[in-house]
Amino acid sequence: ETGVTQSPTHLIKTRGQQVTLRCSSQSGHNTVSWYQQALGQGPQFIFQYYREEENGRGNFPPRFSGLQFPNYSSELNVNALELDDSALYLCASSFGGSSYNEQFFGPGTRLTVL
Amino acid sequence: QQQVKQSPQSLIVQKGGIPIINCAYENTAFDYFPWYQQFPGKGPALLIAIRPDVSEKKEGRFTISFNKSAKQFSLHIMDSQPGDSATYFCAASKSAGNMLTFGGGTRLMVKP
């Protein structure tokens with residue numbers, strides 16, 4: 001069974017640029033959630049995708065957008081990067097359709113905005 | 001708006017001690033309460049989770065105690081080891097697959 005993978009591991013961008021982060025869900029999972037974890041804080045929910053549709057969104061502006069593909073992998077896109085976007089971006093996969101299926105996290109992508 | 005409050009922020013115990021981390025939540029619609037362990041540079045790893053129909057759950061050296069009326073739950077680590085040194089997060093959600101609301105984290109250090 002393959003776990004959740006994310007790419008790239010690290011990324012450095014400058015303010016105003018755009019970035020795309022990628023996530024491959026765990027085998028058998030069809031739901032991907034994205035979280036932002038600022039240094040020294042708990043993860044904050046950005047949004048969730050279930051069967052290629054957005055299935056919930058946290059308190060993040062529209063410049064944070066996402067996609068889920070037919071193979072259930074996912075992308076997180078952030079436009080007009082701001083300094084405060086510097087964080088560890090985590091994706092978590094789960095199997096939708098049951099309330100008893102836990103979320104399993106990938107290793108994250110460390111984004112630094114200069 | 002912080003819906004899950006976690007304490008303490010940091011904790012130091014000797015090897016073999018029993019660190020206890022506490023969390024309190026506000027939203028009574030929450031019905032799933034997991035604990036995650038995170039090492040530096042890694043993603044959170046699910047340790048143990050509980051639902052409000054039980055007051056305690058034990059898995060290996062990790063135990064969750066749950067008090068529904070007080071809207072509080074806690075993690076106990078029995079016979080703690082230096083390898084347990086990590087940051088621990090409690091979380092809550094309306095079901096296992098839904099949006100998780102995390103506490104602020106507790107940095108645990110277990111001294112040899």
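Heavy atoms only: backbone and side chains are in, while hydrogens, waters and symmetry mates are out. A note on names: the letters A, B, ... follow the listed sequences, proteins ahead of strands, and every chain is numbered from 1.
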**Student:** Do the side chains of Val54(B) and Ile64(B) join up, straight or via other hydrophobic residues, at under 4.5 Å, putting them in one cluster?
**Tutor:** yes

**Student:** Quick check for you: among Gly105(B), Ala91(B), Gly43(B), which has the greatest number of heavy-atom pairs under 4.5 Å with chain A?
**Tutor:** Gly43(B)

**Student:** If I take atom OH from residue Tyr35(A) and atom CZ from residue Phe102(B), how far apart are they, to the nearest 0.5 angstrom?
**Tutor:** 5.5 Å

**Student:** Non-hydrogen atoms of chain B under 4.5 Å away: do they reach the side chain of Gln6(A), the backbone, both or neither?
**Tutor:** neither

**Student:** To the nearest 0.5 Å, what is the distance between CG (Leu100(B)) and OG (Ser94(A))?
**Tutor:** 9.0 Å

**Student:** Should Ile20(B) and Tyr25(B) be counted in the same cluster of Ile, Leu, Val, Met, Phe, Trp and Tyr side chains packed under 4.5 Å apart?
**Tutor:** no

**Student:** Under 4.5 Å between side-chain heavy atoms, counting indirect links through other Ile/Leu/Val/Met/Phe/Trp/Tyr residues: same cluster for Met99(B) and Phe89(B) or not?
**Tutor:** yes

**Student:** Any idea which heavy atoms bring Pro44(B) and Leu90(A) closest together, and the distance?
**Tutor:** CD-CD1, 3.7 Å

**Student:** For the atom pair CD (Gln41(A)) and OG1 (Thr87(B)), what is the distance rounded to the nearest 0.5 Å?
**Tutor:** 12.5 Å

**Student:** With a 4.5 angstrom heavy-atom cut-off, which part of Gln38(B) approaches chain A: side chain, backbone, both or neither?
**Tutor:** side chain

**Student:** So for Gln48(A), is it side chain, backbone, both, or neither that comes closer than 4.5 Å to the heavy atoms of chain B?
**Tutor:** side chain

**Student:** Is Tyr72(A) linked to Leu21(A) within one hydrophobic cluster, defined over Ile, Leu, Val, Met, Phe, Trp and Tyr using a side-chain heavy-atom separation of less than 4.5 Å?
**Tutor:** no

**Student:** Other residues, nucleotides and ligands only: do more than 12 of their heavy atoms fall within 6.0 Å of CG on Leu83(A)?
**Tutor:** yes

**Student:** Give a yes or no on this: more than 12 heavy atoms of other residues, nucleotides or ligands lie within 6.0 Å of atom CZ of Arg57(A).
**Tutor:** yes

**Student:** Please report the shortest heavy-atom distance between Tyr36(B) and Gln103(A), naming the atom on each side.
**Tutor:** OH-O, 2.8 Å

**Student:** Would a single hydrophobic cluster contain both Phe105(A) and Trp34(A), if residues Ile, Leu, Val, Met, Phe, Trp and Tyr are joined by side-chain heavy-atom contacts under 4.5 Å?
**Tutor:** no

**Student:** Distance from Thr101(B) atom OG1 to Phe45(A) atom CZ, nearest 0.5 Å?
**Tutor:** 9.0 Å

